[in-house]
> 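Got a structure for you, questions after.
We count ligands from 1, going down the list as the structure has it; atoms in each ligand are counted the same way. Since the model is a prediction, treat every value here as computed from it, not as a measurement.
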Amino acid sequence: MLFAGGCAAARDGGNERRIEGLVASMTLEQKIGQMTMAEIGHITPQQAAAFHVGAVLNGGGGRPYGRDDATLADWQRLAGEFDAATRAAGVPLLWGTDAVHGHNNVRGATLFPHNIGLGATRDPALVRAIGLATARALRASGLAWTFAPTLAVARNLRWGRTYESYSEDPRLVALLGAAQVRGLQDGGALATAKHFIGDGATEGGVDQGDVRLGEADLLATHGAGHRAALRAGVPAVMASFNSWRGRKLHGHGHLLGTVLKRRLRFEGLVVTDWDGIGQVPGCTATRCAAALNAGIDMVMLSERWQGFIEDTLDLVRRGEVPEARVDDAVRRILRVKLRAGLLDRPLARPDDPALADRALARRAVRESLVLLKNERGLLPLARGTRVLVVGKGADSVALQAGGWSLSWQGGQHANADFAPAETVLQGIRAALGAAKVAFSETGEGVDAADFDAVIAVIGERPYAEGKGDIPPGATLRHADRHPEDLAVLQRVAGQGRPVVTVFLSGRPLEVNELLALSDAFVAAWLPGSEGGGVADMLFRRADGRMAHRFRGRLPFAWPRSADAADYASRRAQPLYRFGHGLAGGR
Ligand code: BGC
Ligand code: BGC
């Protein structure tokens, strides 16, 4: 499946003739229906068929039939209902979902480390394997399309989506982004390059903000991941919420039309972000000639998909959107469906349908941890160590999973909702034996001196998108946003027992006081459902040898000061430079 230019064989003559025939046979209503993507909470399979709707999505945390406890069978059933109804009406629809670290809206699915952790692994073969496992999970649930990977080159740590970025380095983003696309495709799923373009480059790291770079810099740095994804054959590109020099990408004919479609010769479909057309000046959430004329092919709508169909019919009838533009959009949508095999038969379930690949995720966690500090070769600890575990992150899958984990913002579900999964504390107990492990979340009422070592698992609370932005007035000092973490370390430090801090976060932050109170410090990012992978790295084997060397290397330079959020100041005077990471042991 190839959708980018440069690959001469990409356009198959027979396929293109078939697409032309289909487009010629469709009414304007049917064509505009194909351009519509509705949220599953607001459309039935019967409506999708009646209006020839081209796609549906489940928004973050959206599950079939509005059921929080939806089972795999529920996903399969609703997917089957949408497919059967729309197929009978002529063209089967696609169902897209944010499977951004595994199939993260589905109960029972393994949650892999978020992209920032994968950036620390620098391991394209691992990322490709994760793409394959994610594709298997998607198809096991009856879906084939994910809105991933995010190819942002995040340049300001204030941005709440920094953890969705593999790295601040465009080469690393390109390497791992392409690997993720390939892995998803190996497993028969459709990937989306998002968000085109400049999402990680906004002024002040403001989510959906404005990018003021020159065009050459914008394309070279922030287009690197997209070009690599296109070369890997990505079938869909999502327009970004951000603006470039004051103009929203969703209405940017130069960047979407001229650059992406003509210069980069992208032949797949361009989809909007969530109600994204409504942000274009002069448009509403359902009516936007500027976006369609700029090159948007498919429009993602939270609720008012019928309004979009009516308004777009009107725009075409008035001549504000040429029918030729509609035809081009539909051709692209049908091309994606045809090459995915969807027009000929319903999605086949994979031979090995599985929601979980816990061993792979655990390996990814091991590879992603970055050891920043290790006084006197403290880590790994001996097997026989008696440990006191403290910190709000120690026994919480929600905290270690971050945003986009069963819910949009994350943080809402109990450990049991993520089953099968393991917290860091559970992993430590499994490694040492429960008798050697005590736990106190706050560190109150326990005496560190009763143990050989303390392990503190602390960090950020989950967030997604703009809700994770650190606004201009606020600092990057972690203790300002989470004083409870400094407090817990102050309780256990200085008692003559070494303190190991495991820091769960979506980004590097100013942690100088936390570092000073810790003998060893591990940046664990947002490792996902397999806390055992963290425990794997903390302890030696029973015979005293090292089980695993730390291999993770910083994908972002770590800030020295509380205001060094941007790339230039972090790089100029990092506390830990880009690529830093100790191996552990002496
Ligand atoms: C996000 C996208 C996501 C979409 C669908 C938007 O708010 O920016 O990354 O794919 O929602 O959930
Ligand atoms: C949805 C997300 C979406 C977000 C955009 C949420 O309600 O669940 O999928 O990305 O809204 O603001």
> Quick one: which ligand 1 atoms are inside 4.0 Å of a heavy atom on Phe241?
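Going through ligand 1 atom by atom, the ones under 4.0 Å from Phe241 are 7 (O), 8 (O).
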> Is the Phe266 to His226 ring centre distance short of 6.0 Å?
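So the answer is no for these two rings.
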> Among the heavy atoms of Trp408, does any lie under 4.0 Å from an atom of ligand 1?
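Under 4.0 Å: no for Trp408.
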> For Arg63, run the side-chain hydrogen bond (donor to acceptor under 3.5 Å, both in side chains) check against Asp68, Asn105, Asp69 and tell me which one passes.
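Exactly one option meets the side-chain hydrogen bond (donor to acceptor under 3.5 Å, both in side chains) with Arg63, and it is Asp68.
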> N/O to N/O below 3.5 Å, does that happen between Glu465 and ligand 1?
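Among all N and O atoms of Glu465, at least one is under 3.5 Å from an N or O of ligand 1.
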> Short list, please: which atoms of ligand 1 are under 4.0 Å from a heavy atom of His195?
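Answer, ordered by atom number: 2 (C), 8 (O), 9 (O).
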> So, regarding Trp274 and ligand 1 (criterion: nitrogen or oxygen to nitrogen or oxygen, under 3.5 Å), is there a contact or not?
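The answer is no, given that Trp274 and ligand 1 share no N or O pair closer than 3.5 Å.
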> Measure from atom 12 (O) of ligand 1 to every heavy atom in Val100, Asp98, Thr97 and give the option owning the shortest one.
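When every heavy atom of Val100, Asp98, Thr97 is considered, Asp98 comes closest to atom 12 (O) of ligand 1.
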> Given Val271, Asn58, Asp273, Leu57, which has its nearest heavy atom closest to atom 11 (O) of ligand 1?
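Going through Val271, Asn58, Asp273, Leu57 one by one, Asp273 has the nearest heavy atom to atom 11 (O) of ligand 1.
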> Charged N to carboxylate O under 4.0 angstrom, Asp74 versus Arg67?
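Salt bridge present between Asp74 and Arg67.
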> When only distance counts, is Arg161 in polar contact with ligand 1, meaning an N/O pair under 3.5 Å?
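Yes: some nitrogen or oxygen of Arg161 is under 3.5 Å from one in ligand 1.
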> Taking the six-membered ring for Trp and the full ring for Phe, Tyr or His, determine whether the centres of His222 and Trp244 are under 6.0 Å apart.
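His222 vs Trp244: aromatic centres not under 6.0 Å.
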> Would you mind checking if Lys248 and Asp210 are paired as a salt bridge, meaning a charged N to carboxylate O distance below 4.0 Å?
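Not counted as a salt bridge, because no side-chain N and carboxylate O are separated by less than 4.0 Å.
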> Give the atom numbers and elements of ligand 1 that come within less than 4.0 Å of a heavy atom of Lys194.
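Near Lys194, meaning under 4.0 Å from one of its heavy atoms, ligand 1 has 2 (C), 3 (C), 9 (O), 10 (O).
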> So does Arg122 pair up with Asp169, basic N to acidic O under 4.0 Å?
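No, no charged N to carboxylate O under 4.0 Å.
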> Give a yes-or-no answer on whether the side chains of Thr286 and Asp311 include a donor-acceptor pair shorter than 3.5 Å.
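Short answer, yes.
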> Check each atom of ligand 1 against the heavy atoms of Met238 and keep those under 4.0 Å away; list them by number with element.
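Result: 10 (O).
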